[in-house]
Protein chains: 2
Amino acid sequence: VRTRDTILRKAVGIASVGGLEGLTIGKLSTALRISKSGLFAHFGSKEELQIAVIETARDIFIDEVIRPTVGLHGRKRLEGLCRHWLSYAERGVFPGGCFFSAASMEFDDRPGKVRDFLVALMNRWLSGLEEAVREAQESGEIDRSVDAHQIAFEIHSLEMGANWSSRLLHDKGAFDTGWHAIRERLDRIATERSRK
Amino acid sequence: VRTRDTILRKAVGIASVGGLEGLTIGKLSTALRISKSGLFAHFGSKEELQIAVIETARDIFIDEVIRPTVGLHGRKRLEGLCRHWLSYAERGVFPGGCFFSAASMEFDDRPGKVRDFLVALMNRWLSGLEEAVREAQESGEIDRSVDAHQIAFEIHSLEMGANWSSRLLHDKGAFDTGWHAIRERLDRIATERSRK
């Protein structure tokens, strides 16, 4: 008997390649060789399945990107979040690249619970980046005049841009280009003191 | 009688919101109140319809973003391409935001003619940005030691990031944040001479 968790890990992989809308109960039942009714017992509707898949992707993301930075502070934490994000996307933790880049573009024009959940997660990620910038400002490593929201926006854009170039253009240098841009940006807002 | 062009303009709008895969001959026939057989007369298959829609989107993009920069040179042309891109996305030329951001994420894992065409168009756009950077280097406005490929990557990422924040988060400041980042990046690579 397949557990709910096993089903969801498989479903995340399928959704990361074919999109959340492409993840039908029918397709999943074929991929897992279990009955549709068995799947319906776990997930009452396609929307519930989509939400459960996003929760699973979020847990994997936390393990891959957030957890390795626990214990780090200031600029080290900010750099850690960036490096682990790029590594997570580059290593193909999800076969379709960054799960959230794809899902958020897919649902930006589809109002409902799935979109609301994605917005909440994306805002949490961006706030986390902003907090890391502010922490580095408080510890004197990043210039206090810098707008944390602006920096979080830029880091996030450069990460998603790297994922995009890697996925669409098969650009093998995409993650290096992205990291180069982020490191250069962080160097430029570093305080004199922190450069010593 | 609806012309092919009228059909395609409508189809581009539908695809920019619901995705290219969501654009079925059935949905389009309902939206336009014409028969499926009438549509099949214009487009033999869904793939042909998708390609024709992308060609239409490309023509609109050229009119909105490329054409206004004709006659500009060097840094002015580079800045013009960025400003017109941001304006095109912000004004909602396509109701779903940047058509190509959405389509390229949708098709990054779907091999075939549609993906190949999108890759060719995206490479052309990125090459155009690179060329504009090189032109500004040759005219002495941008530092010659700068890697044009890197700058094009960053501009493109920041543009797509602004579109993403606007579409998903309904961030009204997204395009200003994007423009601030791009202008700051261009200022930083400007030669001393060009700053006078």
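Labels below follow one simple rule: chain letters A, B, ... track the order of the sequence lines, proteins then strands, and each chain is numbered from 1. The model shown is predicted, which means the values in this text are computed figures rather than measured ones.
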Quick one: what part of [X] sits under 4.5 Å from any heavy atom of chain B, side chain, backbone, both or neither?
X        : result
A:Ser165 : side chain
A:Asp171 : side chain
A:Ile151 : neither
A:Ala174 : backbone

Any donor-acceptor pair under 3.5 Å linking the side chain of [X] with the backbone of [Y]?
X        : Y        : result
B:Arg167 : A:Phe107 : no
A:Glu106 : B:Glu106 : no
B:Glu154 : A:Leu158 : no

Under 4.5 Å between side-chain heavy atoms, hopping through other hydrophobics if needed: is there a path connecting [X] to [Y]?
X       : Y       : value
B:Ile62 : B:Ile51 : yes
A:Leu72 : A:Ile66 : no
B:Val53 : B:Val17 : no

Engaged part of B:Ser16 at the chain A interface, taking heavy atoms whose separation is under 4.5 Å: backbone
Under 4.5 Å from a heavy atom of chain A, the part of B:His156 involved: side chain
Salt bridge between B:Glu184 and A:Arg188, side-chain N to carboxylate O under 4.0 Å? yes
I'd like to know whether NZ of A:Lys46 has more than 12 heavy-atom contacts from other residues, nucleotides or ligands below 6.0 angstrom. yes
I'd like to know whether CZ of A:Arg91 has more than 12 heavy-atom contacts from other residues, nucleotides or ligands below 6.0 angstrom. yes
[X] and [Y]: which non-hydrogen atoms are nearest, and at how many Å?
X        : Y        : answer
B:Thr177 : A:Gln150 : O-NE2, 3.0 Å
B:Phe153 : A:Ala162 : CZ-N, 3.6 Å
A:Arg110 : B:Gly18  : NH2-O, 3.5 Å
B:Ser157 : A:Gly161 : OG-CA, 3.3 Å
A:Leu168 : B:Val119 : O-CG2, 3.6 Å

Taking the side chain as every heavy atom from C-beta outward, state whether B:Asp108 and A:His170 have any atom pair closer than 4.5 Å. no
4.5 Å side-chain heavy-atom contact, B:Met105 and A:Met160: no
